[in-house]
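A quick write-up on the structure given underneath.
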Protein chains: 2
Amino acid sequence: MVRYTISEIAKLCGTSPATVSRVLNNPGLVAEPLRDRIRKKMEEVGYKPNPFASRLSSQSRWGLALFVFDILNPFFALIVRKIGHLAMEQRIPLTVCDTENNEEKERIYLDYLLDNKIAGIIFAEGISIPTIERAQQQTETVLIDRHYREGLISEVTSDNYMGGRQATEYLLQLNHRNIGFIGGPSNWSSAEERLRGYRETLEENEIPFRKEMVFPGDLRFESGVRALEYFLTLPEWPSAIFSANDQMAFGVLSKANSLNISIPEDLSLIGFDDIPVYNLYTTILTAVRQDIDALCTTAFEIMLSKLNGESAGFEDGSEESRTVIPTTLKIGETCSKYTGSPARRVQRNG
Amino acid sequence: MVRYTISEIAKLCGTSPATVSRVLNNPGLVAEPLRDRIRKKMEEVGYKPNPFASRLSSQSRWGLALFVFDILNPFFALIVRKIGHLAMEQRIPLTVCDTENNEEKERIYLDYLLDNKIAGIIFAEGISIPTIERAQQQTETVLIDRHYREGLISEVTSDNYMGGRQATEYLLQLNHRNIGFIGGPSNWSSAEERLRGYRETLEENEIPFRKEMVFPGDLRFESGVRALEYFLTLPEWPSAIFSANDQMAFGVLSKANSLNISIPEDLSLIGFDDIPVYNLYTTILTAVRQDIDALCTTAFEIMLSKLNGESAGFEDGSEESRTVIPTTLKIGETCSKYTGSPARRVQRNG
DNA sequence: TTGTATGCGTTATCAA
DNA sequence: TTGATAACGCATACAA
């Protein structure tokens, strides 16, 4: 359990500490035989660099952080899991910051990370703009599924607009004309885009967009429950509901169940995300699938290239990239062709 | 954005770096007027210590890690959230390690953390013994809801045995005699304890324990679905089911729903954990509540005292503590008095 | 291609 | 109570 230092390795190999340091950071600068000898020796004695000494000397920042606003939401839990593994593969410490949708918590986490010279921060959807802007001035940043002003911060998002279209077009194909939409918080760009896809698809098909068919949710299960309750107060009930995420869709499903509204016979339902966890439910949700792995992998790669300084030098900010990951429609069991008056059975119970 | 150093602060205050360092680490050693002057100056220029220099010089370890086996499980997500906040309050970086129940991942995470001189690791239930043992030899460790050999590692657990008793006694009071149990993996001490509580309570009430009434689950939603399917293959169906966690209980609930088995009329159901998220479900689960906040807070405090060396010096290991947090029974809507033949309605569909 | 020497910002040991 | 000064382990500018 004794820790070796580069000087000791150097002595053992009859060379200088500088050379050992080079094989660690710039192997190309060391002649091959020497390099191999040093590497073998390090292996042999189990040498591990001291990260503190290394960072102190190189003056570099260290570590990554990931901000999510609700770790209980499986979509974000999956992001935490994936980014966690990617970071570990690169031996980069990752601090997970669950802000619980609270700006004060965001501020505290951020202060703390900046004090600790964090090398970069990945923000998932749901983090407030002031926090992101402040971070962006002092460290590397990448956004997942969140849109900021064009070209100022690198972002990786699903094609939320097209996803919104896919869902709506599918329902239209099934002859639904009266489609309810359950949205997200109004400052969430991803949910806004899904709404835009929904709206424009309707209008292109000459179905007027009616704002009473949009229920403002908060992406949680309960919002789905509330949304269905709300839609049932309308004079004309929707025959289909498109929810901006899976959790709310399951709220609808659960509430429908308890009201004896059967899905998809009485009501068609389509979600957004397609979280694998939910496939275990007895009813398989039809949903627009986001490719979470691709979102995370791409965001992480962008971050790595930033850390390696590969995009430095452009002072106009134009090197910030915007990557859009396509969505796909996964057909489950919760949509059916519209044939007549909606939700007849409900009227007995409602 | 210029970073000040202690030497600069010293110069500004007309003193030496050593003194400035003292007000940071040992304020008692510096006379009050000088101390206040230095503090004011640090405040004024926004001085932040360089963590790398500090760690290098003091040779101390740094940071904490938290191992969970499945971050998608809300019970563990809540632990991640709580420990994350506690760590942040203490300005201690926390690395969350989601091992996905995979020993190889555990090994990689652990290697990485030890290389980075992690100061301590908190293990939640579900992490394998070899990983814990290896960690314990090289860094501070605390277990949450996991039992290891007596007195060797500090642990904080719910009173799983009593929880098992509480649930079983409650069902017995409701006249249930035929109670199914859905367990966890056999090497999970917490689930084993719940089973023991169930078993002993039955036997004390002269109801024979029958092993066919125990379904081995894996704590996931789907296990609950499978469990109910299994119980319905038995010649004599249980009139009540006690699940070792909430997720599996919801699997039962969901499956029961699709089979037209109504809960609690046809079948009583009781879970374990009482995760707040689930309260949003239309049906409120009756469950044994674990006090997650207390589990986390206690575990974290123990870790802090270890980091401060407060329990050092005992070489026989006897300073390792074992804290048991009581559980309570939360009455929801999923249990009712047993009055006759079980699940009559099922027989029409089953 | 390799070695020497210096500095990174702190902490800690010794004297004063 | 305070001040010099030597580590801590590594990276790097410069010299060889």
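Values in this document were obtained by computation on a predicted structure and should not be read as measured data. A note on names: the letters A, B, ... follow the listed sequences, proteins ahead of strands, and every chain is numbered from 1.
Residues of residues 19-27 of chain A that place a heavy atom closer than 4.0 Å to DNA chain C, in numerical order, are A:T19, A:R22. Of the residues in residues 36-44 of chain B, none lies under 4.0 Å from DNA chain D by heavy-atom distance. For the segment residues 111-118 of chain A, no residue has any heavy atom less than 4.0 angstrom from an atom of DNA chain D.
Considering only residues two or more places apart in sequence or on other chains, B:F69 meets the ring-ring contact (aromatic ring centres under 6.0 Å, His included) condition with B:F76, B:W188. Residues satisfying the side chain to side chain contact (heavy atoms under 4.5 Å, CB included) test with B:T297, not counting sequence neighbours, are B:K82, B:L86, B:E301. A:D111 meets the side-chain hydrogen bond (donor to acceptor under 3.5 Å, both in side chains) test with A:R107, A:R134; sequence neighbours excluded. Judged as a side-chain hydrogen bond (donor to acceptor under 3.5 Å, both in side chains), and not counting sequence neighbours, B:R22 has no contacts. For B:D70, the side-chain hydrogen bond (donor to acceptor under 3.5 Å, both in side chains) partners at least two apart in sequence or on another chain are A:R81. In this structure B:S189 satisfies the side chain to side chain contact (heavy atoms under 4.5 Å, CB included) test together with B:E125, B:R146, B:H147, sequence neighbours excluded.
Across B:A299 and B:I144, no two heavy atoms sit closer than the pair CB-CG1, 3.7 Å. The two residues B:A119 and B:L307 have their closest heavy-atom pair at O-CD2, 3.6 Å. Of all non-hydrogen atoms in B:A65 and B:L113, the two that sit nearest each other are CB-CD1, 3.6 Å.
The one candidate from B:I153, B:I122, B:I132 that meets the side chain to side chain contact (heavy atoms under 4.5 Å, CB included) condition with B:T141 is B:I153.
Note on B:E43 versus B:K40: no salt bridge recorded, every NZ/NE/NH1/NH2 to OD/OE distance being 4.0 Å or above. Between A:K306 and A:E320, at least one side-chain nitrogen of the basic residue sits less than 4.0 Å from a carboxylate oxygen of the acidic one, meeting the salt-bridge criterion.
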Atom pairs, N/O to N/O, protein against nucleotides 7-9 of chain C, distance under 3.5 Å?
residue, atom, partner, partner atom, Å
C:dG7, N2, A:S57, OG, 2.9
C:dC8, O2, A:S57, N, 3.4
C:dG9, N2, B:A53, O, 3.4

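Taking the 5' to 3' direction, DNA chain D first and last meets chain A under 4.0 angstrom from a heavy atom at D:dG9 to D:dA13.
Other residues, nucleotides and ligands place more than 12 heavy atoms under 6.0 Å from the CD atom of A:E104.
For B:E32 and A:A18, each mapped to the nucleotide of DNA chain D holding its nearest heavy atom, the one lying further toward the 5' end belongs to B:E32.
End-to-end axis angle of the helix from C:dT1-D:dA16 to C:dA16-D:dT1, using five pairs per end and rounding to 10°, comes to 30°.
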